[in-house]
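All remarks here apply to the structure that follows.
Hydrogens, waters and symmetry mates are skipped; everything else that's a heavy atom, side chains included, is used. Both counts, for ligands and for their atoms, begin at 1 and track the order of listing.
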Amino acid sequence: MNQEKKVVLASQIIDGTGGKPLEESAVLIEGSTIVKIGKKSEILKIVEHQEYDLLDYTGFVLIPGMVDCHTHHNGFGDGRLGDEVAEIPDEILTIKSSSNARIALFSGVTTIRENGPKNMTMFRLRDAIKNGIEIGPRMNLCGRPVSIIGGHMGYFGGEVTGEFEVTRFVRSLIKEGADYIKITQTGGTTRTSFPLLPAFNMDELLAITNEAKKFGKLTATHCVSTEGTINSLDSGVDMIIHSVFKEPDGTDKFRPDVAERLAESEAFVNPTLHVFRARAWEMEKLALKRPLSKNEIKLFDEHRRNFDQRLLDCSKMMEMGVKVITGSDSSWGDYKLGNTIHETECVNMAGYSVSQSFNSVTLGAAKALGMDDIVGSLEAGKKADMVVIKGNPLQEIGNLRNIHEVIFDGNIIDRGSKDSNKVYIQSPPSIN
Ligand SMILES: [Zn+2]
């Protein structure tokens, strides 16, 4: 273990605990751990007669490494469906996941929760990173998503039926190294699934959540209709993903009673707003190149309507006190990894203040993953994951994309050339 000391200076340090930016301050790192944050003079006094590296970022802002609660490292973000991704051999998906992991890290995301890859691909990648073969963020993994036969993402290798099989499967996932259990409690874009219907019966869902709890593992459910969210609340799920308010007949209907239950529960909600907007952006970009067909115009309107509806429902949830966090859902659909900030901006648009939005991608997100003891803020004893950015994100949340340097586990990440992030940045249609 490298016990080398580093002192990090910056014009402002935002430690992520909710206070004002610290001026004239410094962070002392020993190996991979933050030892102390204090006044610059005080920290320099501590190391006065010792050997240390001075990382001077005067003119910049130092923030905690960002946490994205929802990624799909197997994905391409080029519009293809999960059904198509599932047909790609595991080896190729592992390579793709590896490049996605680099991109995420380069964009300042130092912790990710992967939301369901194919087979063992992400466990393999994490092993490769552990062995120093590759680099990537800290990973909170689920292995395969738990799905009913034909259910959402069942194609990734986790289709099970009945209390016996689900219990057995949860134990297998934990044996393989799962940090949490992802359940698809409604259908989704998966061709054979039913988005408006609940997936598991309650006895099955309770068997999954109880088994996970027994081993101290958190659970998260994918829910694109209200019934799924209700089932999740009834079974004590820790994170509701999407939390779309849709009735069994497909109509949009915000349910204050369900939102109230969400607010009162311990559960976090990951609303995945930008993934809807990303679709609309792509259609808009296409429209700038050529006239859209009648069918495409219809789809375009539908995507925009969907996004507006989700934004509205999310702001209502926020007003009621639901714990909303940033989870990008990239690289799903048209949303590419490396652009987590788009989701944080959407959370801001939905009604979170700039500091609440910042919290949703740092300490709040770390809490949602049960990882706030090691990441999410700059505090003594935590991992030395930090990002150097240009501009104060508490004034303008978009400053989170102005990455100058990424420090992960106490080490500066070599991100290649200054322009290396240009290859993965997705801009709104007007800028393109
Ligand atoms: Zn997802």
| query | So, does K96 use its side chain to make a donor-acceptor pair with the main chain of N74 at under 3.5 Å? | reply |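 No; judged by distance alone, with no hydrogens or angles, the pair does not exist.
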
| Exercise: do T326 and S360 side chains pair donor with acceptor under 3.5 Å | yes

| Environment of the Zn ion (ligand 1) in terms of protein N/O/S atoms, cut-off under 2.8 Å | H70 NE2, H72 NE2, D329 OD1

In a table with atom names and distances, give each donor-acceptor pair under 3.5 Å that connects a side chain of residues 312-320 to protein atoms at least two apart or in another chain.
residue : atom : partner : partner atom : Å
D313    : OD1  : Q309    : NE2          : 3.3
S315    : OG   : L311    : O            : 3.2
S315    : OG   : L312    : O            : 2.8

| Pairs satisfying salt bridge (charged side-chain N to carboxylate O under 4.0 Å, His left out), at least one member in residues 70-87, at least two apart | D78-R80

May I have the list of side-chain donor-acceptor pairs in residues 198-205 shorter than 3.5 Å, sequence neighbours left out?
residue : atom : partner : partner atom : Å
E204    : OE1  : N201    : N            : 2.8
E204    : OE2  : G162    : N            : 2.6

| message | If the test is side-chain contact (heavy atoms from CB on, under 4.5 Å), which one of V237, V160, T167, V166 qualifies with I208? | response | V166

